[in-house]
Amino acid sequence: MSRTFQALFVDNAEPFSVAVKPAALSDLPAGEVLIKVLYSSVNYKDGLASIPDGNIVKSYPFIPGIDLSGVVESSEDSRFQPGQSVLVTGYGLGVSHYGGYSEYARVPADWVVPLPDGLSHKEAMIYGTAGFTAAMSIQALEDNGSSPENGKVLVTGASGGVGGAAVAMLAKRGYHVAAGTGRISETDYLKSLGASEVVSRTDIYDPEAKQRPLDKQLWQAAVDPVGGNQLAAVLSKIAYRGSVAVSGLTGGTKVPATVLPFILRGVNLLGIDSVFCPAELRSRVWSRMAGDLKPDNLELLVDREITLNELPQALADILQSKTRGRVLVKIS
Ligand code: NDP
């Protein structure tokens with residue numbers, strides 16, 4: 001097959017560029033499964049992959065896109081058949097291996113997940129890595145004792161991709177969700193996702209106030225894609241034997257916490273990595289995303305649906321927190 005198709009390339013040849021260009025199947029990296037990509041999405045990491053100093057992409061030119069859903073075109077691995085609906089998130093996709101912003105992608109078979117029953121290609125990418133990370137966070141909290149009867153759960157960065165998905169999924173499971181945000185103007189949106197209350201970012205962490213290592217116990221648990229100073233403040237406000245699932249760093253990488261919440265309240269700090277999540281857990285979590293965690297209003301997470309040509313602007317927007325929820329990319 002000598003087909004040409006469209007893909008978004010980032011290139012560091014002067015001047016640095018992010019542009020849709022023609023590509024050939026022979027340009028794609030090695031892998032057992034060739035996928036006709038139908039949808040992708042925009043994640044914070046994709047934004048970083050599209051700027052010169054983002055520290056994501058190692059060699060150029062490169063096709064970013066850490067998420068894709070589509071249909072198997074051909075497969076050298078017996079687990080996958082032409083015509084089968086699949087999704088890929090994480091591993092090297094869009095980081096060290098050409099990603100989902102392309103009409104075709106060729107990937108190792110071990111990265112491919114069959115699309116679970118109950119999810120369309122589009123719904124899988126409304127979730128994308130952000131939704132998967134939110135669902136992994138909920139799984140980790142529940143594996144450590146969280147349940148809807150045990151009290152409120154805080155979600156930080158609630159207007160973002162991971163945060164919004166976490167709000168909607170926790171609400172679907174019957175949790176009382178406190179949506180933490182720097183954008184109080186998004187209160188109506190967060191309530192439409194299922195938040196029971198909206199908490200201002202400065203009420204969670206006030207940079208002007210003296211921080212207390214142990215504060216009032218406000219939440220049984222938290223989903224935290226923000227990290228930084230705010231994470232230290234969250235830890236001080238988690239109830240006895242509660243947990244925080246931390247996945248992100250939009251608020252910074254340094255966490256000026258003390259050991260006191262851990263040793264006096266038995267609080268758990270749970271690390272969430274969606275990239276190398278083992279296959280068994282990956283399938284189990286995606287099944288839950290198509291089942292008991294699937295919000296009735298998944299479409300509400302969509303900020304907008306765009307095409308490949310509109311990606312450069314969307315990638316710039318997510319780095320400036322100008323995105324609400326998820327930007328869905330219709331590839332073909
Ligand atoms: P988004 O940009 O969609 O969401 C991030 C949200 O964080 C923003 O919408 C904003 O929410 C909040 N925020 C932004 N800046 C700050 C700040 N300075 N202080 C406090 N809050 C802030 O990104 P994603 O949801 O796609 O990703 C979120 C994070 O999770 C990123 O760091 C990303 O790298 C990480 N991530 C990690 C994964 C993993 O496997 N561990 C997988 C996926 C993502 P609001 O306006 O509501 O306050």
Side-chain angles (χ1 to χ4, degrees), residues 40-50 54-56 64-67 89-95 125-137 139-140 154-169 177-191 193 195 198-207 222-234 244-255 269-278 281-282 285 301-304 314-328:
S40 183
S41 72
V42 178
N43 294 276
Y44 192 79
K45 202 169 178 180
D46 299 316
L48 292 175
S50 71
N55 276 328
I56 299 290
I66 64 170
D67 291 338
T89 68
Y91 298 104
L93 192 74
V95 174
M125 289 298 103
I126 295 176
Y127 278 132
T129 287
F132 178 60
T133 303
M136 277 188 75
S137 303
Q139 182 69 48
L154 174 72
V155 176
T156 64
S159 310
V162 176
V167 169
M169 285 190 273
V177 183
T181 183
R183 287 181 266 179
I184 283 294
S185 55
E186 296 295 356
T187 294
D188 288 348
Y189 164 70
L190 293 168
K191 290 207 165 162
L193 292 183
V198 174
V199 186
S200 147
R201 192 187 289 170
T202 47
D203 284 343
I204 301 169
Y205 165 70
D206 179 356
V223 173
D224 180 37
V226 167
N229 292 315
Q230 186 177 257
L231 172 55
V234 169
V244 178
V246 60
S247 58
L249 44 68
T250 48
T253 53
K254 290 216 169 100
V255 183
L269 183 55
L270 311 170
I272 302 300
D273 169 50
S274 65
V275 178
F276 294 108
C277 173
L281 178 59
R282 193 177 282 268
V285 169
L301 288 172
V302 180
D303 177 293
R304 61 195 192 273
L315 290 164
D317 286 349
I318 197 164
L319 293 177
Q320 293 166 44
S321 285
K322 286 188 187 160
T323 302
R324 183 181 86 175
R326 305 272 296 143
V327 173
L328 188 64

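Atoms within each ligand, like the ligands themselves, are counted from 1 in listed order. The first residue of the sequence shown is numbered 1, and numbering continues consecutively from there.
Residues forming a salt bridge (charged side-chain N to carboxylate O under 4.0 Å, His left out) with Arg324 (at least two apart in sequence, or on another chain): Glu186. Under the side chain to side chain contact (heavy atoms under 4.5 Å, CB included) criterion, Ser200 pairs with Ile184, Thr202, Asp203, not counting sequence neighbours. Partners of Asp46 under the salt bridge (charged side-chain N to carboxylate O under 4.0 Å, His left out) rule, at least two apart in sequence or in another chain, do not exist in this structure.
The closest side-chain donor-acceptor pair between Thr323 and Asp303, if any, does not fall under 3.5 angstrom. Side-chain contact annotation: Thr181 with Ser159, donor-acceptor N/O pair under 3.5 Å present.
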Please tabulate, line by line, the atom pairs linking an N/O of ligand 1 to a protein N/O at a distance below 3.5 Å, with the distance in Å to 0.1, or answer 'none'.
{"residue": "ligand 1", "atom": "3 (O)", "partner": "Gly161", "partner atom": "N", "Å": "2.9"}
{"residue": "ligand 1", "atom": "7 (O)", "partner": "Thr250", "partner atom": "OG1", "Å": "3.2"}
{"residue": "ligand 1", "atom": "9 (O)", "partner": "Gly160", "partner atom": "N", "Å": "3.4"}
{"residue": "ligand 1", "atom": "9 (O)", "partner": "Arg183", "partner atom": "NH2", "Å": "2.9"}
{"residue": "ligand 1", "atom": "21 (N)", "partner": "Arg201", "partner atom": "NE", "Å": "3.4"}
{"residue": "ligand 1", "atom": "21 (N)", "partner": "Arg201", "partner atom": "NH2", "Å": "3.4"}
{"residue": "ligand 1", "atom": "25 (O)", "partner": "Gly161", "partner atom": "N", "Å": "3.1"}
{"residue": "ligand 1", "atom": "25 (O)", "partner": "Val162", "partner atom": "N", "Å": "2.8"}
{"residue": "ligand 1", "atom": "26 (O)", "partner": "Tyr44", "partner atom": "N", "Å": "3.4"}
{"residue": "ligand 1", "atom": "32 (O)", "partner": "Leu249", "partner atom": "N", "Å": "3.0"}
{"residue": "ligand 1", "atom": "40 (O)", "partner": "Ser274", "partner atom": "N", "Å": "2.7"}
{"residue": "ligand 1", "atom": "40 (O)", "partner": "Ser274", "partner atom": "OG", "Å": "2.7"}
{"residue": "ligand 1", "atom": "41 (N)", "partner": "Ser247", "partner atom": "O", "Å": "2.9"}
{"residue": "ligand 1", "atom": "41 (N)", "partner": "Ile272", "partner atom": "O", "Å": "2.8"}
{"residue": "ligand 1", "atom": "46 (O)", "partner": "Arg183", "partner atom": "NE", "Å": "2.8"}
{"residue": "ligand 1", "atom": "46 (O)", "partner": "Arg183", "partner atom": "NH2", "Å": "3.4"}
{"residue": "ligand 1", "atom": "47 (O)", "partner": "Ala158", "partner atom": "N", "Å": "3.4"}
{"residue": "ligand 1", "atom": "47 (O)", "partner": "Ser159", "partner atom": "N", "Å": "2.9"}
{"residue": "ligand 1", "atom": "47 (O)", "partner": "Ser159", "partner atom": "OG", "Å": "2.9"}
{"residue": "ligand 1", "atom": "47 (O)", "partner": "Thr181", "partner atom": "OG1", "Å": "2.6"}
{"residue": "ligand 1", "atom": "48 (O)", "partner": "Gly182", "partner atom": "N", "Å": "2.7"}
{"residue": "ligand 1", "atom": "48 (O)", "partner": "Arg201", "partner atom": "NH2", "Å": "2.8"}

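Considering Val275, Asn43, Val223, Ile272 in turn, Ile272 is the only one that fulfils the side chain to side chain contact (heavy atoms under 4.5 Å, CB included) rule with Thr133.
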